Asker: 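Structure incoming, see below.
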Amino acid sequence: SKCPHLSINQTKSCHFFRKTNLGLQFDNTLIKQKNKMDLKNYTTKAQEIIQKSVEIATENGQQIIEKGHLLKAILIEDDNIFQYLLNSSTERKVELNQKLDTIIQNYPIVSGGNTQPYLSNELNQTLAQAQILIKEFGDQYIAVEILFLSLFAGNDKVAALLKSISTEKQSKQSIKALRGNNTVKDQ
């Protein structure tokens, strides 16, 4: 089947958000059931970050939720990520945020009509990568640090930005050191 919002056949699920009187809410409706995203697989904090990424995109007039929106949401909602997983200074954080803001500002803007936000193919692939990573860590739920780690995958601008500060391997080691033998067993 074809995702009605994209011009290509989807091999991943196509996720949408709907407007309610409470703001944008994730609509777990899937256009294609292969590799489906279920918010029940995410910790409460990770769910909040996904919701925040939608808000960031919407505030910028953008319909497609991109990896940059997710990274920005993580940096806003979880200040520890930068300190512990990137092992970087405050100056580097300011630099990262400036570069990330530039990336986000360059995403397409949509105006008029009743436009429903949806996840980009790259973000869908990132969330699929998070599903793979939880198995490696022995987790039952996708936590914020796993969402963050999954952003390293790919050859896009967000992955390149993260790789300019750290490596996936270093961040993975930091997560393991931070967690010790603990795994994410509940939301």
Side-chain angles (χ1 to χ4, degrees), residues 5-6 12 14-17 23-26 37 39 42-111 115-134 137 142-175 177-178:
H5 300 283
L6 300 172
K12 304 276 186 227
C14 189
H15 308 286
F16 299 94
F17 298 83
L24 284 174
Q25 298 292 314
F26 185 77
M37 174 184 169
L39 283 181
Y42 293 77
T43 64
T44 303
K45 187 69 175 175
Q47 290 176 29
E48 291 169 2
I49 285 175
I50 291 170
Q51 179 67 33
K52 183 68 175 177
S53 67
V54 175
E55 292 170 15
I56 292 167
T58 303
E59 288 166 4
N60 284 286
Q62 297 158 335
Q63 181 180 21
I64 304 171
I65 315 306
E66 301 279 1
K67 288 176 68 173
H69 299 120
L70 182 61
L71 178 56
K72 186 71 171 180
I74 290 170
L75 294 174
I76 290 170
E77 296 291 320
D78 194 340
D79 222 18
N80 295 328
I81 288 286
F82 195 82
Q83 182 181 356
Y84 294 115
L85 300 185
L86 291 176
N87 299 318
S88 293
S89 66
T90 304
E91 293 144 5
R92 293 285 289 188
K93 183 177 182 179
V94 170
E95 179 186 344
L96 172 77
N97 270 306
Q98 289 171 342
K99 289 179 179 180
L100 183 56
D101 287 342
T102 300
I103 290 170
I104 291 171
Q105 289 167 4
N106 286 316
Y107 291 145
I109 295 174
V110 177
S111 61
T115 56
Q116 293 292 323
Y118 62 94
L119 302 183
S120 69
N121 285 335
E122 291 80 14
L123 187 52
N124 267 320
Q125 290 168 359
T126 297
L127 298 177
Q129 178 65 21
Q131 288 284 353
I132 293 167
L133 287 170
I134 64 168
F137 281 87
I142 296 171
V144 176
E145 61 272 19
I146 299 301
L147 281 177
F148 173 79
L149 192 58
S150 67
L151 288 167
F152 277 90
N155 295 319
D156 57 273
K157 291 179 181 179
V158 172
L161 178 60
L162 288 173
K163 292 172 187 174
S164 74
I165 295 172
S166 185
T167 66
E168 182 178 0
K169 183 178 179 181
Q170 288 171 327
S171 292
K172 199 178 281 190
Q173 289 171 341
S174 295
I175 292 170
L178 196 66

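Only a predicted model underlies this, so the values are computations on that prediction, with no experimental measurement involved. When reading the values below, keep in mind they use all heavy atoms of this one structure, side chains included, and skip hydrogens, waters and symmetry mates.
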Asker: Would you call Asn97 and Lys72 a side-chain contact if the rule is heavy atoms closer than 4.5 Å?
Answerer: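 Yes - at least one pair of side-chain heavy atoms lies under 4.5 Å apart.
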Asker: If I take atom CD1 from residue Ile134 and atom CD from residue Gln129, how far apart are they, to the nearest 0.5 angstrom?
Answerer: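 It comes to 11.5 Å.
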Asker: Would you say the side chain of Thr43 lies within less than 4.5 Å of the side chain of Gln47, judging by non-hydrogen atoms?
Answerer: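 No, side chains not in contact.
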Asker: For Ala153 versus Ala159, what's the shortest heavy-atom pair and its separation?
Answerer: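 What the structure gives for the nearest pair is O-CB, 3.8 Å.
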Asker: How close do Ala46 and Ala143 get, counting heavy atoms only, and between which atoms?
Answerer: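 Nearest pair, atom of Ala46 first, then Ala143: CB-C, 4.2 Å.
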Asker: CG of Leu178 to OG of Ser174: how many Å apart, nearest 0.5 Å?
Answerer: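 That separation rounds to 8.0 Å.
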Asker: Taking all atoms of both residues into account, what is the closest heavy-atom pair of Asn106 and Thr102, and its distance?
Answerer: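 Closest approach of Asn106 to Thr102: ND2-O, 3.0 Å.
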Asker: Under 3.5 Å, is there a donor-acceptor pair between the side chain of Asp78 and the main chain of Ile74?
Answerer: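 A pair under 3.5 Å: no.
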Asker: Is there side-chain contact between Phe137 and Ile142, with at least one heavy-atom pair below 4.5 Å?
Answerer: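 Side chain of Phe137 against side chain of Ile142, heavy atoms only: no contact under 4.5 Å found.
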Asker: Between atom OG of Ser164 and atom CG of Leu96, what is the distance when rounded to the nearest 0.5 Å?
Answerer: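 Ser164 OG to Leu96 CG: 7.5 Å, rounded to 0.5 Å.
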Asker: Please walk me through it: do Asn60 and Ile109 pass side chain to side chain contact (heavy atoms under 4.5 Å, CB included)?
Answerer: CA-CA 7 Å; Asn60 284 286; Ile109 295 174; over 6 Å; no
Asker: Please report the closest heavy-atom contact between Ser171 and Ser166, naming both atoms and the distance.
Answerer: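 Result for this residue pair: OG-OG, 3.6 Å.
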Asker: Is there a side-chain contact between Ile65 and Leu70, using heavy atoms and a 4.5 Å cut-off?
Answerer: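 No, their side chains stay 4.5 Å or more apart.
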Asker: Between Gln170 (side chain) and Thr167 (backbone), is there a donor-acceptor pair under 3.5 Å?
Answerer: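 Present.
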Asker: How about Val110 and Ile64: do any of their side-chain heavy atoms sit closer than 4.5 Å?
Answerer: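 No, their side chains stay 4.5 Å or more apart.
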Asker: As an exercise, state the distance from CG of Leu133 to CD of Glu145, rounded to the nearest 0.5 Å.
Answerer: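 CD of Glu145 is found 11.0 Å from CG of Leu133.
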Asker: Before accepting this row, confirm whether a basic side-chain N of the pair Lys52/Glu48 lies closer than 4.0 Å to the acidic partner's carboxylate O.
Answerer: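 Salt bridge: no.
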Asker: Which residue, Leu162, Ile49, Ile175, forms the side chain to side chain contact (heavy atoms under 4.5 Å, CB included) with Phe148?
Answerer: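 Single pass found, and it is Leu162.
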Asker: Distance-only, no hydrogens or angles: does the Tyr107 side chain make a donor-acceptor pair with backbone N or O of Gly68 under 3.5 Å?
Answerer: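 Side chain of Tyr107 to backbone of Gly68, a donor-acceptor pair under 3.5 Å: yes, one is there.
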Asker: Does anything in residues 152-169 pair up under salt bridge (charged side-chain N to carboxylate O under 4.0 Å, His left out), and if so which pairs, sequence neighbours excluded?
Answerer: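 Sorted result for residues 152-169: Lys67-Asp156.
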Asker: How far does OG1 of Thr58 sit from CD of Gln63, to the nearest 0.5 angstrom?
Answerer: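 So the OG1 of Thr58 and the CD of Gln63 are separated by 9.5 Å.
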Asker: Just verifying a value: how many Å separate Gln51 CD and Glu77 CD, rounded to the nearest 0.5 Å?
Answerer: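 Answer for the CD-CD pair, Gln51 versus Glu77, is 10.5 Å.
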Asker: So does Val158 get a backbone contact from the side chain of Lys99, meaning a donor-acceptor N/O pair under 3.5 Å?
Answerer: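 Side chain of Lys99 to backbone of Val158: no pair is present.
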Asker: Determine which pairs satisfy salt bridge (charged side-chain N to carboxylate O under 4.0 Å, His left out) with at least one residue from residues 115-133, sequence neighbours left out, and list them in order.
Answerer: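 The answer is none; no pair qualifies.
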Asker: Regarding Gln62 and His69, do their side chains bring together a donor and an acceptor under 3.5 Å, going by distance alone?
Answerer: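 Distance-only check passes for Gln62 and His69.
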Asker: Report yes if the side chains of Leu147 and Leu127 come closer than 4.5 Å at any heavy-atom pair, otherwise no.
Answerer: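 Leu147 vs Leu127: side chains touch.
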